[in-house]
Amino acid sequence: MSKEGVPQNDQQATEDIQEQVLNRINKLEDLSEQGKNPFWETTAKQTHHSQEIIDNLAELEGQKVSVAGRIMAKRGMGKVSFVDLADRQGRIQIFTKIDALEDSDYKDWQNLDIGDIVEVEGTIFTTQRGEVSVRNQGYRLLSKCLRPLPEKFHGLTDTDTRYRKRYLDLIVNPEIKEVFEKRSKIISTIRHELEKLDFIEVETPLLNQIAGGAAARPFITHHNTLDLDLFLRISPELYLKRLIVGGFERVYEIGRNFRNEGMSTKHNPEFTMLELYQAYTDYHGMMEISEHLISTACLAVNDTLKIVYDELEIDLTPPFARMSMIEAIKKFTSVDFDQIDTDEEALAVAKENGLLEQAAGMVRGEIINLFFEELCEDKLVQPTFIYDYPIEVSPLAKKKKSDQRLTERFEIFINGSEYGNAYSELNDPRDQAERFQDQLEKRKEGDEEASLPDQDFVEALEYAMPPTGGLGIGIDRLVMLLTNSTTIRDVLLFPTMKPLGGQSPENGASEGE
RNA sequence: GAUCCACUAGCUCAGUCGGUAGAGCACUUGACUUUUAAUCAAGGGGUCCGGAGUUCGAUCCUCCGGUGGAUCACCA
């Protein structure tokens, strides 16, 4: 990569080269002059990894191995020296004796720096202090570390730097790898379970002409050749349902959604969702799949269904509790919306419960949702399906036959937060068209998050979509729950960060508002 | 977007009731043939987040700005 075209920030351009960097550059240049430039190395022999050697000491003791990794600590003792070498599994000590190497090689070995990447060949033995070690009988420097690593004992603690320079965080705080290994395991477990249930994984467009399927403000981008503004998707929902119309019957997608909204410990502008759709079932079927996926993923990474999250004990053993939204409100507030039929009565009870301000201008269904969100949600610690949502807040869910003011929809609550959202999917094209129309009215009234009508989606429904259950689960939040992480940035390798210096990098992006 | 807190050496932190700074690790040099936060001796290293104000003098006080964290608001 050439320097031209790479945006260089001022800090980098004017940064004085520190002493420690200069030392390392000088060492590299000395090596290069001797024809030992490590950057010409292309491969290395790695017969064993660190933990594997420690775990199999009995059979490996005295055996010759070749290990490769990064030098994390050096302890010189004059004519012997000790180095801690880190690889993907952990660390192994390298013991080097002056007479085991050529004179110049031993000198070069002593000159290695913390952070350098080496290959070492030697036999396994245990030191007097009981440390499993590789007796250095030959090594190669594979890559030179030109900057000093953060401190060996305290590591890197500044969260800002850890998120911005995740590679450094991973080097000096390798225990965080566990979270990302678990993340990978959670996702692969879900894939595996869905495959067993005969779902197929599909990919639908991230670039949308209409960002539908959720209530959110989208990111806008532009296609040059088509001279067309496009939106990054806020949900794959409407595409996946088109595939159900097309006859796939069971589809799912695990992918990124983008929502142009505030950031918090629970929100990143891009986040990963699982969405799945299954023909010929309803939201009850989705409850079963939800419990199954969440509990199976939990078992896969924690070997138990009783986990601790943020000091709370949570039991993910299926079946999860089931409670209708109106029941939940009755339980936590003693207000029974089954006995309340008009908007006026609903407003009156909102006033009695201190929700007058938020309830202003709302209709009964919206007030029910408000009651739930304000007075019930945070009390749901153990996993609970809250079902039967008011139609006003559920533009894509099928009406409940027995009470058409409600929809067959549920959300999964754990520790007061939402982890999933599911419906018996609305498949009546005329009803869907009306719901889009209602959303359009809300939008005209200034609700920027209200859905835009998607005429092609309605047309798809006109070709008949079978009765279908659909489910969305926020993967990042699930990973947070299952790894006891209280901030979403801890489960994202590269969370979205503001640029330093208060200026946008010169990346050619257009000036936004 | 609002409020509170933080920002000092590469890293982790102390400190200056306002007189331009210290420790440990890391680094350099030396000693040391089984150490493991190795040890011992000596040395180098700082735009005290940026800008402005007050002051004889600001890293410290005040204001503005930056970045992060926590809480709240919106959302998944």
Side-chain angles (χ1 to χ4, degrees), chain A residues 10-11 14-24 26-27 72-84 91-100 106 111 113-115 125-133 135 145-165 168-169 171-173 213-217 234-235 256-275 358 373-374 411-413 417-421 447-449 472-478 480 486-489 495 497-503:
Chain A
D10 292 346
Q11 198 196 344
T14 60
E15 190 180 30
D16 293 321
I17 297 179
Q18 350 151 350
E19 180 200 24
Q20 297 195 40
V21 173
L22 207 56
N23 288 337
R24 287 161 181 253
N26 288 340
K27 287 179 185 176
M72 297 304 294
K74 291 172 66 185
R75 294 176 292 280
M77 285 281 300
K79 297 189 174 58
V80 296
S81 71
F82 301 87
V83 154
D84 291 340
R91 292 187 183 192
I92 184 96
Q93 180 169 272
I94 310 297
F95 174 82
T96 308
K97 230 175 184 173
I98 189 164
D99 46 23
Y106 188 74
N111 258 331
D113 288 304
I114 290 173
F125 77 108
T126 306
T127 62
Q128 290 173 6
R129 296 293 193 95
E131 183 82 14
V132 178
S133 305
R135 188 184 300 274
C145 178
L146 296 179
R147 290 176 182 268
L149 251 38
E151 201 226 10
K152 63 181 171 189
F153 191 59
H154 299 93
L156 187 66
T157 61
D158 179 58
T159 49
D160 187 31
T161 311
R162 292 181 56 192
Y163 296 141
R164 286 179 196 278
K165 300 186 186 296
L168 258 191
D169 192 21
I171 291 169
V172 300
N173 301 315
R217 295 175 63 189
I234 57 175
S235 159
R256 218 69 64 83
N257 291 345
F258 305 84
R259 299 191 184 171
N260 206 339
E261 292 167 344
M263 289 162 64
S264 76
T265 50
K266 287 183 178 171
H267 299 84
N268 196 65
E270 50 180 307
F271 63 101
T272 301
M273 282 275 290
L274 160 70
E275 288 212 10
Q358 294 110 301
E373 287 183 353
E374 295 293 323
E411 293 190 336
I412 307 162
F413 288 89
S417 293
E418 187 199 329
Y419 283 83
N421 183 15
D447 182 354
E448 288 184 75
E449 293 180 355
I473 291 178
I475 295 295
D476 310 288
R477 288 192 179 171
L478 181 62
M480 286 169 68
T486 52
T487 164
I488 197 167
R489 287 180 160 183
M497 301 293 283
K498 277 198 210 175
L500 287 172
Q503 294 167 347

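Keep in mind that what you see is a predicted model, and the values were worked out from it rather than measured. Labels below follow one simple rule: chain letters A, B, ... track the order of the sequence lines, proteins then strands, and each chain is numbered from 1.
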[atom1] of [X] versus [atom2] of [N]: gap in Å, rounded?
X: A:M72; N: B:rC11; atom1: CE; atom2: P; value: 15 Å
X: A:F82; N: B:rU39; atom1: CZ; atom2: P; value: 14 Å
X: A:L22; N: B:rC27; atom1: CG; atom2: P; value: 15 Å

Could you tell me whether the phosphate oxygens of [N], OP1 or OP2, come under 4.0 Å of any side-chain nitrogen or oxygen in [X]?
X: A:R147; N: B:rG10; value: no
X: A:K74; N: B:rU39; value: no
X: A:K97; N: B:rU33; value: no
X: A:R164; N: B:rG68; value: yes
X: A:R75; N: B:rU36; value: no

RNA chain B: 5'-proximal contact among A:T272 and A:S264 (nearest heavy atom):
A:S264
Considering heavy-atom distances to RNA chain B, does A:D158 or A:K27 have its closest nucleotide positioned more toward the 5' end?
A:D158
Describe the nucleic acid contact of [X] in one word from base, sugar-phosphate, nothing, applying a heavy-atom distance below 4.0 Å.
X: A:R489; value: sugar-phosphate
X: A:Y163; value: sugar-phosphate
X: A:M497; value: sugar-phosphate
X: A:E19; value: base
X: A:N268; value: base
X: A:G78; value: base

base_contact_polar ([N] base, [X] side chain, donor-acceptor, <3.5 Å):
X: A:T157; N: B:rU12; result: no
X: A:Q93; N: B:rU35; result: yes
X: A:E151; N: B:rA26; result: no
X: A:Q18; N: B:rG45; result: no

From the options B:rU35, B:rA26, B:rU12, select the nucleotide whose nearest atom is closest to the side chain of A:R129.
B:rU35
For RNA chain B, the dot-bracket notation using Watson-Crick and G-U wobble pairs below 3.5 Å, [ ] for pseudoknot-type crossings and | for other-strand pairs, is (((((((..((((.....[..)))).(((((.......))))).....(((((..]....))))))))))))....
Okay, side chain of A:R217, backbone of A:E261: is any donor-acceptor separation there less than 3.5 Å?
no
Pairwise side-chain contact, A:Y106 with A:S81, heavy-atom cut-off 4.5 Å (strictly under):
yes
Syn/anti state of B:rU55 by chi, 90° boundary around 0
anti
What does the list of N/O pairs under 3.5 Å between the protein and nucleotides 1-8 of chain B look like, with a distance for each?
none

